[in-house]
Trainee: 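I'd like to ask you about the structure that follows.
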Amino acid sequence: MKKKIVPTLIIIAIVLALVCMFFISRQSKKISANSPDTLGNNGSNLINGGLFCEDDGKVYFSNSYDSGSLYSMNVDETDMRKIIGGDIKSINAGGKYLYYYLNNSSTSTGLGFVRRVMGVYRITKTGKNVTTLNRNPAGVVTLYGNTLYFQHYDNKQGMNLCSMDTRGDNLKTLLPTFANPACIYGGKIYYNDTTETHFLYTMDTMTLVPDVLVKYNMWNPIRKDNYIYFMDMTENYRMCRYSLEDEVVEILSSDRVDTFNVTDEYVYYQKNSETEPALMRVTLDGSVLEKVADGNFTALNATSRYLYFKAFDDDFTTYRTPVSGDVSISEFTAALFAAGDNQ
């Protein structure tokens, strides 16, 4: 009799364990829905790596002084806290969660092997319940509503524009190109074609049908109000904007541009020059042009208070300047001190 009971108990235990695992798995995927118009980060930040993201009075950022680890702080740089380690990019915020890309990181298995852990992740804003959504290499990641749009790479198909929901399910290929989903405005993705023309396209996030909006060679289009700000590929990547109302291209600067960020008052951009490279800013209508700092800079990310940026040849140091008012350059020392406290 005992011989029959023991196998039965083992089977029951296995079944219960499987049921528990299934329940835990289902519960881990249950997250609160975002408002349909939730935008995880602005396009200007995302074309610059998505290293800073402001949401509901908080700034979430990749701390260069701590190998790119994810931190949070108030807009005025107080109450700084570490959320999770790793080289974090494409930070998006939605509801209780942050979504991000963990870049080229690895972890030891404890057996002398190294396991790759790059991919798209979700974590609570307090640093709990980190969840892997996709383990493939990715480029820009943008949250809109309850969907993540991202440049997805695999060995068979290369880089495609894909989407998945915030649980990491329903992976879809939207375009067989590395179209950039950084700019989403009014339920549409604004992107330039990357195959032949570089014309400006839109893709409605409901119908997923691409449509040519402007037949002009643009790079990194960013929509703000009724204008598209972009680098003009027909004229040596000068800084321009396109009026959707008047249907005309307006030149903001004739400088060759490496990267840019559109804020409420200015377009900040890196001037490409062999003799006089500089971080510049120009008013949104192009009427006032100013130099911010001499040198080559990159990773221009803005919050409502500061523009953060790095020197081209220095991944460690982050600088900042107020997004409005007089130009004043200083190092992001609050992040430096916070990193020291977390060593």
Side-chain angles (χ1 to χ4, degrees), residues 18-43 45-46 50-63 69-75 79-86 88-103 117-136 138-152 161-174 181-189 203-208 301 303-304:
L18 291 173
V19 170
C20 289
M21 289 174 63
F22 176 77
F23 179 76
I24 292 171
S25 177
R26 288 288 299 271
Q27 288 297 110
S28 68
K29 287 195 171 186
K30 283 188 176 182
I31 60 173
S32 55
N34 297 321
S35 169
D37 60 351
T38 297
L39 185 61
N41 202 343
N42 68 69
N45 285 350
L46 290 170
L51 306 180
F52 285 75
C53 173
E54 184 173 343
D55 182 63
D56 197 23
K58 287 284 187 179
V59 174
Y60 304 93
F61 69 99
S62 174
N63 192 340
S69 295
L70 182 61
Y71 279 63
S72 69
M73 65 179 179
N74 294 328
V75 178
D79 192 25
M80 196 165 293
R81 302 180 182 185
K82 184 172 182 176
I83 297 175
I84 195 170
I88 307 297
K89 302 181 185 299
S90 275
I91 303 168
N92 287 259
K96 299 178 181 179
Y97 296 93
L98 300 174
Y99 303 83
Y100 60 88
Y101 177 65
L102 178 60
N103 182 54
V117 291
M118 70 167 62
V120 181
Y121 286 78
R122 183 186 71 230
I123 193 172
T124 66
K125 290 177 177 178
T126 57
K128 299 178 180 179
N129 301 327
V130 59
T131 303
T132 307
L133 303 181
N134 189 282
R135 286 198 182 279
N136 287 71
V140 172
V141 180
T142 308
L143 169 70
Y144 183 69
N146 296 286
T147 304
L148 293 161
Y149 301 89
F150 62 110
Q151 295 167 311
H152 172 273
L161 177 61
C162 292
S163 69
M164 64 181 172
D165 61 38
T166 51
R167 299 183 304 275
D169 296 333
N170 301 314
L171 179 66
K172 298 177 183 178
T173 298
L174 307 182
C183 180
I184 301 181
Y185 186 101
K188 294 182 178 181
I189 303 171
M203 176 183 285
D204 191 293
T205 55
M206 295 295 292
T207 65
L208 301 179
N301 281 252
T303 67
S304 57

Trainee: Between CD1 of I84 and OH of Y121, what distance do you get to the nearest 0.5 Å?
Mentor: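 Output value for this atom pair is 8.5 Å.
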Trainee: Could you tell me whether a side-chain N or O of N134 sits under 3.5 Å from a main-chain N or O of G168, the two making a donor and an acceptor?
Mentor: no
Trainee: With distance as the sole test, does T142 use its side chain to make a donor-acceptor pair with the main-chain N or O of V140 at under 3.5 Å?
Mentor: no
Trainee: Compare every heavy atom of S304 with every heavy atom of V75, then report the nearest pair and how far apart it is.
Mentor: CG1-OG, 3.5 Å
Trainee: Enter the distance from M203:CE to L161:CG here, rounded to the nearest 0.5 Å.
Mentor: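 Rounded to the nearest 0.5 Å, the CE-CG separation comes out at 6.0 Å.
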Trainee: Are side-chain heavy atoms of K96 and I31 found at a separation under 4.5 Å?
Mentor: no
Trainee: Are the side chain of S90 and the backbone N or O of G50 linked by a donor-acceptor pair below 3.5 Å?
Mentor: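 Checked: no pair found.
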Trainee: Is there a side-chain contact (heavy atoms from CB on, under 4.5 Å) between L70 and K82 once you walk through the steps?
Mentor: CA-CA 6 Å; L70 182 61; K82 184 172 182 176; over 6 Å; no
Trainee: In terms of the angle between their ring planes, are F150 and H152 parallel, tilted or perpendicular, with boundaries placed at 30° and 60°?
Mentor: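 The rings of F150 and H152 stand perpendicular, inter-plane angle above 60°.
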Trainee: Evaluate the side-chain proximity of D204 to K188: yes if any heavy-atom separation is below 4.5 Å, no if none is.
Mentor: yes
Trainee: Between Y99 and V120, is any pair of side-chain heavy atoms under 4.5 Å apart?
Mentor: no
Trainee: Do the side chain of N63 and the main chain of Y71 share a donor and acceptor less than 3.5 angstrom apart?
Mentor: no
Trainee: In terms of heavy-atom contacts, does CG of D56 have more than 12 from other residues, nucleotides or ligands at under 6.0 Å?
Mentor: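 No.
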Trainee: What's the spacing between L174 CG and T205 OG1 if we round to 0.5 Å?
Mentor: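 L174 atom CG to T205 atom OG1 measures 10.0 Å (nearest 0.5 Å).
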Trainee: Do Q151 and Y101 come within less than 4.5 Å of each other through their side chains, counting heavy atoms only?
Mentor: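 With C-beta onward as the side chain, the pair stays apart.
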Trainee: Give, for atom NZ of K128 and atom OH of Y97, the distance between the pair rounded to the nearest 0.5 Å.
Mentor: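 Rounded to the nearest 0.5 Å, the NZ-OH separation comes to 11.5 Å.
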Trainee: Between L171 and C162, is a side-chain contact (heavy atoms from CB on, under 4.5 Å) present by the stated rule, with each step listed?
Mentor: CA-CA 7 Å; L171 179 66; C162 292; 4.1 Å; yes
Trainee: For the residue pair G94 and L143, what are the closest heavy atoms and their distance?
Mentor: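 The pair with the smallest heavy-atom distance is CA-CD2, 3.8 Å.
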Trainee: Look only at the side chain of K125 and the backbone of G95, and say whether a donor-acceptor pair between them is shorter than 3.5 Å.
Mentor: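 Checked: pair present.
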Trainee: Determine whether Y60 and I88 make a side-chain contact, defined as any pair of heavy atoms from C-beta on separated by less than 4.5 Å.
Mentor: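 Counting from C-beta outward, Y60 and I88 never come under 4.5 Å.
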Trainee: For residues L51 and K89, determine if any side-chain heavy atom of one lies less than 4.5 Å from a side-chain heavy atom of the other.
Mentor: yes
Trainee: D55 side chain to A93 main-chain N or O, any donor-acceptor pair under 3.5 Å?
Mentor: no
Trainee: Which pair of heavy atoms, one from Y144 and one from L39, lies closest together, and at what distance?
Mentor: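 Answer, listing the atom of Y144 first, then L39: CD1-CD1, 4.1 Å.
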Trainee: Hey, does the side chain of N92 reach the backbone of V141 with a donor-acceptor pair shorter than 3.5 angstrom?
Mentor: yes
Trainee: Under a 3.5 Å distance rule, please check whether N146 uses its side chain to pair with a backbone N or O of N34 as donor and acceptor.
Mentor: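 The answer is yes, because a donor-acceptor pair under 3.5 Å joins these two groups.
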Trainee: Mind checking whether L148 and L133 have side chains closer than 4.5 Å, heavy atoms only?
Mentor: yes
Trainee: On a heavy-atom basis, which atom in R122 and which in R167 lie closest, and how many Å separate them?
Mentor: NH1-CA, 3.6 Å
Trainee: In Å, rounded to the nearest 0.5 Å, how long is the span from CG of L98 to OG1 of T126?
Mentor: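 Interatomic distance, L98 CG to T126 OG1, rounded to 0.5 Å: 9.0 Å.
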Trainee: I need the N41 CG to L46 CG distance, nearest 0.5 Å.
Mentor: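 So the gap between those two atoms works out to 4.5 Å.
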Trainee: Under 3.5 Å, side chain of T303 to main-chain N/O of E54, donor-acceptor pair present?
Mentor: no
Trainee: Quick one: closest heavy-atom pair of C53 and G40, and the distance?
Mentor: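 In this case the closest contact between C53 and G40 is SG-O, 3.1 Å.
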